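Have a look at the structure below before the remarks.
Here is how names work: the chains are called A, B, and so on, in the same order as the sequence lines, proteins then strands, and each is numbered from 1. Because the structure is predicted, anything quoted here is derived from the model rather than measured.
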Protein chains: 2
Amino acid sequence: MKDTENILSNPRDQAEEVRALQDTIYVIGGKWRLPIINSICNGNKRFREIERSIPGITTRMLSRELKEMELNKIIKRTVYPDSPVLVAYESTEYCTTFGNIILEMIKWGIEHRKMIIDKD
Amino acid sequence: MKDTENILSNPRDQAEEVRALQDTIYVIGGKWRLPIINSICNGNKRFREIERSIPGITTRMLSRELKEMELNKIIKRTVYPDSPVLVAYESTEYCTTFGNIILEMIKWGIEHRKMIIDKD
DNA sequence: CAGAATCCTCGACGATACTG
DNA sequence: CAGTATCGTCGAGGATTCTG
């Protein structure tokens, strides 16, 4: 099984990797999923709080995404029926599995910004 | 500066992180960027070769993305003017900076698929 | 082989206003 | 506060055909 000429993993592995990559992109695709997950993982719980923590997002998009993410068990939504309606969003275990991806993306974004500045 | 009640980093850091995250999403957003980068980093060089390595992509999208990624110095395009036109795409250093993100996303995708199977 | 040209669809996303 | 309801746009992406 030696294949010194080819550094690459075999075609089957490659095919599996592309699929895995595409699956992931499908799940966390779009502009808002990851920022929302990140915000909630950072401890933001209230709707307006999350909203304010993500530049550019609208209530409509936040509402939509939260709803679907709740269905997919990515987050947990709890209503406390006190006087002023209180709702809290919290991360689930599932939610935390995105941690490394988010970390790497934040790292990249910071490095990228440095690069841009250096170039000017 | 002790703040034992708050595990979170301070608001300024959080704001920077969201921005970084959004920057990254902007750069690698869409269905095709990362799969293409991945394919090229895996050693695929020819147009049809890359195309075949990415399930679902059309020549139109591949063409569009490659063109823009060349402009952004994410990849390098070389034409060898031999008898049958030969073109080779190669990764640049810049291209490799996405490595960790892609790796984490592949990991996640593979784990995710396992989960789905176990649940059935 | 390596694409360009065309035409088209549809859904992600935005803006704004309103509700309990 | 925590959303819902409407309306609208625009561009990512798809399907197909054609070219050197």
Can you give me every donor-acceptor pair (side chain of residues 50-61 of chain A, partner residue at least two apart or in another chain, under 3.5 Å) with its distance?
from	atom 1	to	atom 2	distance (Å)
A:Glu51	OE1	A:Arg48	NH1	3.1
A:Ser53	OG	A:Ser39	OG	2.7
A:Ser53	OG	A:Ile50	O	2.7
A:Thr58	OG1	A:Met61	N	3.3

Query raised in the report: Tell me, which pairs form a salt bridge (Lys or Arg N to Asp or Glu O under 4.0 Å) where one or both residues lie in residues 15-25 of chain B, sequence neighbours left out?
Result: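 Checked against salt bridge (Lys or Arg N to Asp or Glu O under 4.0 Å) - neighbours excluded - the pairs reaching residues 15-25 of chain B are A:Arg113-B:Asp23.
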
**Report entry** salt bridge (Lys or Arg N to Asp or Glu O under 4.0 Å) pairs, two or more places apart, involving residues 64-78 of chain B
**Finding:**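 Listed once each, the pairs are B:Arg33-B:Glu65, B:Arg33-B:Glu68.
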
Query raised in the report: Quick one: salt bridge (charged side-chain N to carboxylate O under 4.0 Å, His left out) partners of A:Glu111, sequence neighbours excluded?
Result: A:Lys114

Report task. State which residues pass side-chain hydrogen bond (donor to acceptor under 3.5 Å, both in side chains) with B:Lys31; sequence neighbours excluded, sorted by chain then number. Result -> none

For [X] and [N], give me the distance from atom [atom1] to atom [atom2], rounded to whole Å.
X	N	atom1	atom2	answer
B:Arg77	C:dA4	CZ	C1'	12 Å
B:Ile54	D:dG14	CD1	P	12 Å
B:Met69	D:dA12	CE	C1'	16 Å
A:Phe47	D:dC1	CZ	P	11 Å
B:Ile50	C:dC1	CD1	P	13 Å
A:Glu68	D:dT4	CD	C1'	17 Å

Requested in this report: Kindly give the heavy-atom pair with the smallest separation between B:Cys95 and B:Ile37, and that separation in Å.
Outcome: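 The pair with the smallest heavy-atom distance is SG-CG2, 3.5 Å.
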
**Report entry** Verdict with supporting geometry, A:Thr24 and B:Ile106, side chain to side chain contact (heavy atoms under 4.5 Å, CB included)
**Finding:** CA-CA 7 Å; A:Thr24 306; B:Ile106 289 176; over 6 Å; no

Query - Nucleic acid contacts of residues 22-35 of chain B, taken as heavy-atom distances under 4.0 Å to DNA chain D - result: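 Nucleic-acid contacts, sorted: B:Gly30, B:Lys31, B:Trp32.
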
Report task. Mind listing the residues from residues 55-65 of chain B sitting with a heavy atom below 4.0 Å of DNA chain D? Number order is fine. Result ->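 Result for residues 55-65 of chain B: B:Arg60, B:Met61, B:Arg64, sorted by number.
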
Query raised in the report: More 5' along DNA chain C: B:Arg52 or B:Lys67, using each one's nearest nucleotide?
Result: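 Whichever sits nearer the 5' end wins; that is B:Arg52.
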
Query - Of all pairs that satisfy ring-ring contact (aromatic ring centres under 6.0 Å, His included), the ones with a partner from residues 98-120 of chain A, not counting sequence neighbours - result: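 Applying ring-ring contact (aromatic ring centres under 6.0 Å, His included) to every pair that reaches into residues 98-120 of chain A, excluding sequence neighbours, yields A:Tyr94-A:Phe98, A:Phe98-B:Trp108, A:Trp108-A:His112, A:Trp108-B:Phe98.
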
Report summary line: Hits for ring pair (Phe, Tyr, Trp, His ring centres under 6.0 Å) against B:Tyr26, two or more places apart or cross-chain, chain-then-number order -> none

Query raised in the report: Taking OP1 and OP2 of D:dG3, is either one under 4.0 Å from a side-chain nitrogen or oxygen of A:Tyr89?
Result: yes

